[in-house]
Amino acid sequence: MKKNMGTTDKFIRYIIAAVLLIAFFTGAVTGALGYIVLAVAGIFILTSFVSFCPLYTLIGANTCKIKK
């Protein structure tokens, strides 16, 4: 897997994941929607950790700085 996520993108994903996790664990989001929010937070954390987003490859996006 080639990295396609930059530092800023990873930071934003971590922040969004933290907000989603807080919403889930405080009970602000419950039921099926709560589990969807939990899954999205997990995906954001995982993709940030490995610096690779499969969706970016489908749309041709790359936020990683390219060394020349």
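Numbering starts at 1 and runs along the sequence shown.
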**Student:** Taking side-chain hydrogen bond (donor to acceptor under 3.5 Å, both in side chains) as the definition, give me every residue that meets it alongside T63, ordered by chain and number, with sequence neighbours left out.
**Tutor:** D9
**Student:** Just jot down the side chain to side chain contact (heavy atoms under 4.5 Å, CB included) partners of A61, sequence neighbours excluded, or say none.
**Tutor:** Y56, I59
**Student:** Cut-off 3.5 Å, no hydrogens considered: what does the side-chain donor-acceptor table look like for residues 18-32, sequence neighbours left out?
**Tutor:**
unit_1 : atom_1 : unit_2 : atom_2 : d
T26    : OG1    : I22    : O      : 2.7
T26    : OG1    : A23    : O      : 3.4

**Student:** Which residues, ordered by chain and number, are linked to L55 in its hydrophobic cluster, where ILVMFWY side chains connect at heavy-atom gaps below 4.5 Å, directly or through other members?
**Tutor:** L58
**Student:** Among pairs that include at least one residue of residues 49-59, which meet salt bridge (Lys or Arg N to Asp or Glu O under 4.0 Å), considering only residues two or more places apart or in two chains?
**Tutor:** none
**Student:** Quick one: side chains of residues 41-54, donor-acceptor pairs under 3.5 Å with protein atoms, not counting sequence neighbours, listed by atom name and distance.
**Tutor:**
unit_1 : atom_1 : unit_2 : atom_2 : d
T47    : OG1    : R13    : NH1    : 3.0
T47    : OG1    : I43    : O      : 2.9
T47    : OG1    : F44    : O      : 3.2
S48    : OG     : F44    : O      : 2.8
S51    : OG     : K10    : NZ     : 3.1

**Student:** Roughly how far, to the nearest 0.5 Å, is the NZ atom of K2 from the CG atom of N62?
**Tutor:** 7.0 Å
**Student:** Sorted by first residue and then second, give each salt bridge (Lys or Arg N to Asp or Glu O under 4.0 Å) pair with at least one member in residues 43-57; sequence neighbours left out.
**Tutor:** none
**Student:** Working to the nearest 0.5 angstrom, can you tell me the gap between I12 CD1 and T7 OG1?
**Tutor:** 11.0 Å
**Student:** Hydrophobic cluster mates of F11, side-chain heavy atoms under 4.5 angstrom, ILVMFWY only, any path?
**Tutor:** I15
